[in-house]
Amino acid sequence: MSKTSPAASQDTEIKHRKGVDASGQEVDLSEFEESYYMPGQVDDILQDYQQTLAGLEEGQVVKGRILRITDKEVIIDVNFKSEGIVPLSEFKNVQDFKPGDEIDVFLEQVEDSEGQIILSKSRADFLKVWDRIYDVFEKQDTVEGRLVRRIKGGVVVDLFGVDAFLPGSQIDLRQIPDMDAIIGQSFSFRVIKVNKTRRNIVVSRRVILEEDRSALREKILAELDKGQVREGTVKNITDFGAFIDLGGVDGLLHITDMSWGRVNHPSEIVALGDKLQVKVLDFNENKERISLGLKQLSEHPWKGIEDKFPEGSKVRGKIVSITDYGAFMELEKGIEGLIHISEMSWTQHIKHPSKIVGIGDIVEAVVLKIDKESQKISLGFKQLEPDPWENVPTEFPIGTVLKGKVRNIAAFGAFVELKEGVDGLIHVSDMSWTKKVNHPGELLKKGDTVEVKVLDIDQEKRRISLGVKQLTDDPWGDLAKEYTIGLEFPDCETARILDRGIVVNLNDEVEGLVPLNQLGEEVNHPSRVYKVGDRVPATVVEFDMEGRKIVLSISEFFKGKDAKLWAEHQAKYPIKPESEVKVPKVKKEGEEGGGDETAVADAKPVEEGKAGVVDAVSS
């Protein structure tokens, strides 16, 4: 049996040598060539290497020394075969660290695929303070923290050197308008949620504020009483008022209690966050609803109002509101007066106050009346000038004849301007003694200068009755002598067609009526025989002095005359079929508006109600 040489035996041993790497995996060490090492040197090296791994276990916090700092990473030596890497983002104040500093790091992985050791500073920081944070959470103690930066949904808080999450809803009792403004500030917090595995810490400032608020609320409610003046902060603003935080309890400052003056919106007086003194006006039994006042802290502006603004005095103010019936003028804060539309002008007929003034206008007025109990002041514009009607009775005494300009024409008469601001009415019944005037436009038009006589004056109602026909004597006495019964008119012009007959012109000034039963024909309407402009003969059969009418008859004219004349007349004016004539419907007795017109017989209509119509139009 041959002996194996020592060298051969050693070579065989090297070929079968096994080892373990840093991660615990078995590796073949046959690649190490004994020729490079002294006998036993490999074992020494392996032993030294194993010693470097002693105490390095994944999931532990180990000591490390900073070797260098780059723009992305911090290289750390943890006394291992390779250097460890920590992302720069895990260092909150990297400027406070320098190479050579010793720090605690968490060993996440001994060796990655590239042979580097993976470390974490943030996890090490978390584990160092975890017991303390958990203890605070369990006992619900209050801790101090600093707001670091904004993130989605809230703010990151530095708590014992680790990041905690502060939700936006837990920052304050109400929404913070500008969260950037509080970054960098320190507050007291309560830890409300923890999760070690996820390194999740949630804190709240709101729970502390609510506890403080609740304690303060109990104190305030115990002290609260009507008439107290307390300081509060404007918490919310609505259209009807503002909610004031009195320190744990809210009260309503209604818009009507903000100022003695007119307030269109609460934002004109207060703003969110304003601190102000308010007066406690009232509260319910449980003190859940508290009414507050601001204006009650100042003296009521109506105190001594009669001395401030005596009746008859001139005042100056601003138009603050306009309605259909007038305009409100602010004399001072909390005091307004009404200028009624009827007090705006002596002469103009004003359809709406906005034609005279606008909101914001600074105007003068006269104090007419003060009702202190109802807090009402009546003002007037027109009283700043003399009343043009004041001397009317002496300027235009009844019976005076004067000239004026036709200012306006209505269906019932014409308005004549006697002087600026003073108009009189010529009623249609006062335009002619002898002719029926259906509309003033038949004789007058706007702008005409007309001579009139003053018939009546009602200064209180501001009415003047004028007449044109009164410029001459009543002619009906002379007409009675001239138009005697039996007087014949062989050629009269038909002026108008009525339901009850036709009106004919006897001369330029006098008209007469031929009734339906005096036409000489059996017809239901005169338009079936005659039309306006037809020339007809007629005889006077009645003269009614009292009723101012002259009645004529066509049939009476032909009575006793040659039948041939009547036949010729009938041939000239034959009876038309009803289908060819538009006959107005005859209304029954008692119905309004019979469609008939009154001829000279009714030349003097009843004057009752004239004044009322004048007042309605001229005003």
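One-based numbering along the sequence shown.
Of the inter-residue distances, the one linking E306 atom CD with I377 atom CD1 reads 9.5 Å to the nearest 0.5 angstrom. Of the inter-residue distances, the one linking F137 atom CZ with I201 atom CD1 reads 11.0 Å to the nearest 0.5 angstrom. For the atom pair NZ (K351) and CD1 (I356), the distance works out to 12.5 Å, reported to the nearest 0.5 Å. Between the CD1 atom of I359 and the CD1 atom of I319 there is a distance of 9.0 Å, given to the nearest 0.5 Å. Note that CE of M258 and CG of L292 are 10.0 Å apart. Values are rounded to the nearest 0.5 Å. Atom NZ of residue K226 and atom CG of residue D282 lie 4.0 Å apart, to the nearest 0.5 angstrom.
Closest approach of I322 to S354, counting heavy atoms only: CG2-N, 4.2 Å. Between E332 and F309, the shortest heavy-atom contact is OE1-CZ, 4.0 Å. The minimum heavy-atom distance linking V234 with L276 is given by the pair CG2-CD2, 3.5 Å. Minimum interatomic distance between K235 and D250 (heavy atoms only, all atoms of both residues): NZ-OD2, 2.7 Å. The minimum heavy-atom distance between V155 and R149, with the atom names listed, is CG1-O, 3.3 Å. Among all heavy-atom pairs drawn from D239 and I255, the shortest one is O-CD1, 4.0 Å.
Between R132 and D135, none of the side-chain N atoms (NZ, or NE/NH1/NH2) sits under 4.0 Å from a carboxylate O, so this pair counts as no salt bridge. Using a 4.0 Å cut-off between charged nitrogen and carboxylate oxygen, R462 and D387 count as a salt-bridge pair.
E420 CD: 12 or fewer foreign heavy atoms inside a 6.0 Å radius. For CD of Q185, the number of neighbouring non-hydrogen atoms (other residues, nucleotides, ligands) closer than 6.0 Å is greater than 12. The environment of K372 atom NZ is dense: over 12 non-hydrogen atoms of other residues, nucleotides or ligands sit within 6.0 angstrom. Other residues, nucleotides and ligands place more than 12 heavy atoms under 6.0 Å from the CD atom of Q277.
Side-chain N or O atoms of K314 include none that pairs as donor or acceptor with a backbone N or O of L384 at under 3.5 Å. Between the side chain of K376 and the main chain of K369, no donor-acceptor pair closer than 3.5 Å is present. Panel note: side chain E311, backbone I370; a donor-acceptor pair is recorded below 3.5 Å. Counting only distance, with no hydrogens or angles, the side chain of R65 and the backbone of G100 share no donor-acceptor pair below 3.5 Å. A distance-only check finds a donor-acceptor pair linking the side chain of D274 to the backbone of A271 [under 3.5 Å]. Distance alone, capped at 3.5 Å, places no donor-acceptor pair between the E343 side chain and the H340 backbone. R205 places a side-chain N or O within donor-acceptor distance of the main-chain N or O of I171, the cut-off being under 3.5 Å. A donor-acceptor contact shorter than 3.5 Å is absent between the side chain of W302 and the backbone of Q375. In this structure a side-chain-to-backbone donor-acceptor pair under 3.5 Å is present from Q140 to V191.
Using cut-offs of 30° and 60° for the angle between ring planes, the F240 and F243 rings count as perpendicular.
Looking at heavy atoms from C-beta onward, I85 lies in side-chain contact with I75 at the 4.5 angstrom threshold. You'll find the side chain of L379 stays beyond 4.5 Å of the side chain of L338, heavy atoms only. Residues T142 and R190 meet the side-chain proximity criterion, which asks for heavy atoms closer than 4.5 Å. Taking 4.5 Å as the limit, some side-chain heavy atom of L173 sits within range of a side-chain heavy atom of E210. Between V202 and P167, some side-chain heavy-atom pair lies under the 4.5 Å cut-off. The shortest side-chain heavy-atom distance between H254 and S291 does not fall under the 4.5 Å cut-off.
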- Task: Show your working on side chain to side chain contact (heavy atoms under 4.5 Å, CB included) between L246 and V278 and close with a plain yes or no.
- Result: CA-CA 9 Å; L246 299 177; V278 289; 4.0 Å; yes
- Message: Determine whether V357 and M329 satisfy the following criterion, side chain to side chain contact (heavy atoms under 4.5 Å, CB included), listing intermediate values before the conclusion.
- Response: CA-CA 10 Å; V357 293; M329 185 173 87; over 6 Å; no
- Evaluate the side chain to side chain contact (heavy atoms under 4.5 Å, CB included) criterion for residues L166 and F187: first the C-alpha distance (whole Å), next the side-chain angles of each, then the deciding distance (0.1 Å), finally the verdict. CA-CA 11 Å; L166 173 63; F187 298 100; over 6 Å; no
- Query: Should E73 and L88 be marked as a side chain to side chain contact (heavy atoms under 4.5 Å, CB included) after you check the CA-CA gap, both sets of side-chain angles, and the distance that decides it?
  - Reply: CA-CA 5 Å; E73 301 166 331; L88 194 66; 5.9 Å; no
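For F97, the ring-ring contact (aromatic ring centres under 6.0 Å, His included) partners are F91, not counting sequence neighbours.
S345 and K382 are not linked by any side-chain donor-acceptor pair at a separation below 3.5 angstrom, with hydrogens and angles left out of the test.
With D257 as reference, L281 is the one residue of L281, L294, L252 to meet the side-chain contact (heavy atoms from CB on, under 4.5 Å) rule.
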